[in-house]
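Notes follow the structure.
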Amino acid sequence: MARTYAEAVRNGTAAASKLLRRLDWQAKLEVEPGAVDVFAIIADLDLPLMLRPLKGLLGAFLNAPTPGILVTTQRPLSIQRFPAAHELGHCVMDHAPSLDDEDQILRRAPQAQDARTGFQETEADAFAVSLMMPRWLIHAHCARQGWRVAELERPGHVYQLSVRIGASYEATVWTLERYHLITAERRASLLQARPRTLKAALLEDFSPPSYHGDVWLLTEKDRGGRIDGSRADLFVIKLPELGAAGYLWDFDALAESGFSIVRDTRLALDEEGVGGPNIRRVVATPHAEARGVMHLEQRRPWLAAPPPLSVLSLPFDLTGPEEAGLSRAERRQRLAAA
Ligand SMILES: [Zn+2]
């Protein structure tokens, strides 16, 4: 039990870091950056987890007769992961039972009230932040995308970071401030931006039936990464294409791996240059419950077995959000064991 707020933050952070190392998530994500699968960690630890609609609550931790976690089904995946990580924190740190609503989890519990219970809400929150958004994971994504600190001051870049680490835009902004990557003033201005507006700007003239899903902007810099998202997510893929030299990106494989292409345009990279590369921009929507590998090749289509000039291959899982019953990770575990 922590005696001070600062001690609680240290305890939560240390417990999450230890768990990520012990379960090899750090080693895995440093090679193939994506999101920490909180639900897979809960399944690996064999902790009872129940997903169901929870009136007014995001999650709960119960410890009698045995420890167990409840997470709401009434939120998108990026919000479901945070209470799942927070409740896992309660469990790992042997806390008292906790019923967590939005105020408790996302807006931080009042310190005076939390102090009476040994800062257990602060500990669980610090655990959740460090489990889902460890500093090294943010660095790994930024290194891959070529983002420096200046880029983290721009809402569009922070939104793309949030989508890749599987957290909400708001939680990502707060975490960047916690790691001193942005100032409090910048945090306040980033929080003015609305994710819906950022999504609409990326989609340009395409209007989806809803903006519940995330919009991923994929480029060649995503090579080697992975996509962990939801069936409502949308993809804007922008790739340089050497059209003048006869090279074209082949999007048939994208369609075969479970996506519909709803926009396909070529943008001139340089008005003056003749024969230089152009940008191919495609907007794709996944079929329901898609899971597999997104594989794209740029080659000369008229050659019989042409060697590709460039390849973009990305494993994806768009089966989220978590629905009532067992988590996706636990269902897969049981299937594999059967
Ligand atoms: Zn709690």
Side-chain angles (χ1 to χ4, degrees), residues 1-20 23 35-134 165-175 177-178 321-322 324 327 329-330:
M1 199 182 269
R3 281 155 304 168
T4 64
Y5 177 85
E7 191 186 334
V9 171
R10 280 198 302 275
N11 291 349
T13 305
S17 308
K18 198 170 136 196
L19 191 60
L20 286 175
L23 298 177
V36 174
D37 189 341
V38 181
F39 293 97
I41 292 180
I42 294 171
D44 283 347
L45 295 175
D46 270 331
L47 293 170
L49 164 77
M50 197 190 280
L51 287 144
R52 50 174 289 181
L54 297 175
K55 271 192 198 131
L57 292 180
L58 292 180
F61 165 64
L62 309 170
N63 64 357
T66 52
I69 292 170
L70 286 163
V71 175
T72 182
T73 48
Q74 294 160 309
R75 286 292 191 282
L77 184 59
S78 59
I79 307 278
Q80 285 180 318
R81 286 184 181 117
F82 201 87
H86 175 103
E87 308 309 340
L88 174 61
H90 282 315
C91 191
V92 166
M93 291 180 285
D94 259 333
H95 286 167
S98 176
L99 301 176
D100 296 305
D101 59 15
E102 222 151 303
D103 283 337
Q104 186 94 311
I105 292 192
L106 300 175
R107 299 198 176 79
R108 290 155 191 207
Q111 276 198 36
Q113 188 189 319
D114 199 22
R116 286 197 285 276
T117 58
F119 291 99
Q120 74 159 30
E121 295 310 319
T122 304
E123 261 182 4
D125 263 349
F127 178 92
V129 168
S130 301
L131 191 79
M132 285 179 62
M133 299 171 270
I165 57 179
S168 68
Y169 174 75
E170 198 183 356
T172 306
V173 171
W174 282 104
T175 303
E177 187 197 357
R178 188 175 199 140
E322 300 288 349
S327 71
E330 194 172 348

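Whatever order the structure lists ligands and atoms in, that order sets their numbers, starting from 1. The analysis underlying the following values was restricted to heavy atoms, covering all of them including side chains, and did not include hydrogens, waters or symmetry mates.
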Between Gln80 (side chain) and Pro321 (backbone), is there a donor-acceptor pair under 3.5 Å?
no
For Leu54, is there any backbone N or O sitting under 3.5 Å from a side-chain donor or acceptor partner on Gln74?
yes
Nearest to the Zn ion (ligand 1) - the N/O/S atom of His86, by atom name
NE2
Of the backbone and side-chain N, O or S atoms of [X], does one lie nearer to the Zn ion (ligand 1) than 2.8 Å?
X: His90; answer: yes
X: Asp125; answer: no
X: Glu87; answer: no

Taking the side chain as C-beta and beyond, is there a heavy-atom pair between Leu88 and Leu19 under 4.5 Å?
yes
Are any non-hydrogen side-chain atoms of Pro83 and Asp100 less than 4.5 angstrom apart?
no
Assess the side chains of Glu121 and His95: does a donor N or O sit below 3.5 Å from an acceptor N or O?
no
Round to 10° and report the angle made at the Zn ion (ligand 1) by OE1 of Glu121 and OD1 of Asp100.
90°
